[in-house]
Amino acid sequence: MRLQKFIAECGIASRRNAEKMIESGRVRVNGELVDYMGCIIDPECDTVEVDGRVIKTESKKYYIMLHKPKNHVTTVSDDLGRPTVMHLVQDINARIYPVGRLDFDTSGLLIMTNDGNFANILTHPKHVVNKTYIARVDRPLSEDEIEKLQKGIDLDGVKTAPAKVENIKRPQKGYEVKITIHEGRNRQVRRMLDAVGANVMSLKRISVGSLTLGNLPEGKWRRLSDAEINKLRGKSK
Ligand code: URA
């Protein structure tokens, strides 16, 4: 088995983050530093250490969704000592980690798991997973702005993939825009709206693929049902 796949299956990190861990010299196999890609291990015989600790596969897999509040980082630990999403799932007795990320100041649906393969399906660019956000903005978007955002807009010299964008009319709540994208570029929704001159006051993710946040209260989590997990895996419609 590839080393990064084994690390992911142990619930330490997604496969892509496991690759980063290897490259940054945090991984040893049978006591030897392995900081290159391509290492194959035998999970039955080889001993793998991450940051000096032996890791083993956790047989029980956990799949949850958290309603992330803003002012939390989507990492397992934070050098600046800010609250992380891990503080909100302390009652789960497994090394789950966030699938993908939401900005510190963004709230909403965050999937967490200790199943590296599942995390890989949801984050690998070859799988198109739509994510929908509600942005509170200072004004409605014009037809022209909506069309520009839908067709793709230049961010750092690279055009964004086609998106779905609509104004939502909720007079009592001010102006809101619903936007669906499948890329995960840094602060993408905020930067897209900024590019057409709209001011984002708050941003919340309401769905990832087939999974919707529903009325899960902020700061709370719940387990995903088997049907939800299978749908996200693309195994049923
Ligand atoms: N786009 C953003 O701007 N922020 C997020 O957290 C997610 C998508």
Side-chain angles (χ1 to χ4, degrees), residues 13-14 16-17 64-80 82-89 96-113 119-125 127-141 145-146 148-168 174-214 216-221 232:
S14 67
R16 295 170 80 202
N17 281 336
I64 68 151
M65 71 159 149
L66 170 71
H67 185 161
K68 175 196 176 295
K70 59 183 204 173
N71 301 336
H72 283 70
V73 277
T74 332
T75 47
V76 173
S77 63
D78 184 50
D79 293 344
L80 302 176
R82 294 173 296 180
T84 81
V85 289
M86 302 313 291
H87 294 124
L88 302 168
V89 295
I96 58 168
Y97 54 86
V99 176
R101 48 187 295 279
L102 285 175
D103 294 332
F104 186 66
D105 45 357
T106 300
S107 65
L109 173 48
L110 182 72
I111 296 173
M112 299 179 78
T113 186
N120 196 45
I121 290 171
L122 294 179
T123 51
H124 199 286
H127 305 285
V128 173
V129 179
N130 284 327
K131 291 150 214 133
T132 301
Y133 299 83
I134 302 285
R136 232 154 49 82
V137 282
D138 56 343
R139 60 171 176 79
L141 300 182
E145 289 165 342
I146 289 179
K148 270 190 196 153
L149 290 169
Q150 297 206 131
K151 282 190 173 156
I153 206 156
D154 197 292
L155 294 182
D156 301 330
V158 181
K159 204 171 163 190
T160 56
K164 229 180 121 188
V165 183
E166 60 183 292
N167 285 314
I168 306 177
Y175 302 110
E176 290 182 337
V177 172
K178 186 171 173 182
I179 175 160
T180 302
I181 58 171
H182 61 80
E183 297 169 299
R185 291 164 63 181
N186 189 33
R187 295 180 78 80
Q188 181 164 344
V189 173
R190 291 174 194 274
R191 289 195 296 145
M192 285 171 74
L193 290 167
D194 191 52
V196 295
N199 231 329
V200 176
M201 267 100 73
S202 70
L203 185 65
K204 177 176 180 176
R205 182 156 72 189
I206 57 162
S207 72
V208 174
S210 50
L211 192 65
T212 55
L213 186 59
L216 184 67
E218 212 173 69
K220 299 287 181 205
W221 63 269
L232 288 169

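Everything numeric in this text was worked out from a predicted model, so none of it was measured. For ligands, and for the atoms within them, numbers begin at 1 and follow the listed sequence. Position 1 is the first residue of the sequence, and the numbers go up from there.
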* **Among Lys68, Arg185, Arg187, the one residue meeting salt bridge (Lys or Arg N to Asp or Glu O under 4.0 Å) with Asp103** =>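 Per the salt bridge (Lys or Arg N to Asp or Glu O under 4.0 Å) rule, the option paired with Asp103 is Arg187, out of Lys68, Arg185, Arg187.
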* Partner residues of Lys70 under the side chain to side chain donor-acceptor pair (under 3.5 Å) criterion, sequence neighbours left out ->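 Applying side chain to side chain donor-acceptor pair (under 3.5 Å) to Lys70 gives none.
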* Does one side chain, of Thr180 or Thr132, offer a donor that lies under 3.5 Å from an acceptor on the other? ->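 Thr132 and Thr180 do have a side-chain donor-acceptor pair below 3.5 Å.
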* To do: Rounded to the nearest 0.5 Å, what's the gap from CG on Asn120 to OG on Ser14? Could you check?
  =>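 So the CG of Asn120 and the OG of Ser14 are separated by 7.0 Å.
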* **Approximate separation, where rounding is to 0.5 Å, of Leu66 CG and Leu213 CG** =>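 These two atoms lie 9.5 Å from each other.
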Mind listing the N or O contacts between ligand 1 and protein, cut-off under 3.5 Å?
{"unit_1": "ligand 1", "atom_1": "1 (N)", "unit_2": "Val189", "atom_2": "N", "d": "3.1"}
{"unit_1": "ligand 1", "atom_1": "3 (O)", "unit_2": "Arg187", "atom_2": "O", "d": "3.3"}
{"unit_1": "ligand 1", "atom_1": "3 (O)", "unit_2": "Gln188", "atom_2": "N", "d": "3.4"}
{"unit_1": "ligand 1", "atom_1": "3 (O)", "unit_2": "Val189", "atom_2": "N", "d": "3.3"}
{"unit_1": "ligand 1", "atom_1": "3 (O)", "unit_2": "Arg190", "atom_2": "N", "d": "3.0"}
{"unit_1": "ligand 1", "atom_1": "4 (N)", "unit_2": "Asp103", "atom_2": "OD2", "d": "2.7"}
{"unit_1": "ligand 1", "atom_1": "6 (O)", "unit_2": "Asp103", "atom_2": "N", "d": "2.8"}
{"unit_1": "ligand 1", "atom_1": "6 (O)", "unit_2": "Asp103", "atom_2": "OD2", "d": "3.3"}
{"unit_1": "ligand 1", "atom_1": "6 (O)", "unit_2": "Thr106", "atom_2": "OG1", "d": "3.1"}

* Passing option when Arg191 is tested against Asn186, Thr160, Asp156 for side chain to side chain donor-acceptor pair (under 3.5 Å) ->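 Answer after filtering Asn186, Thr160, Asp156: Asp156.
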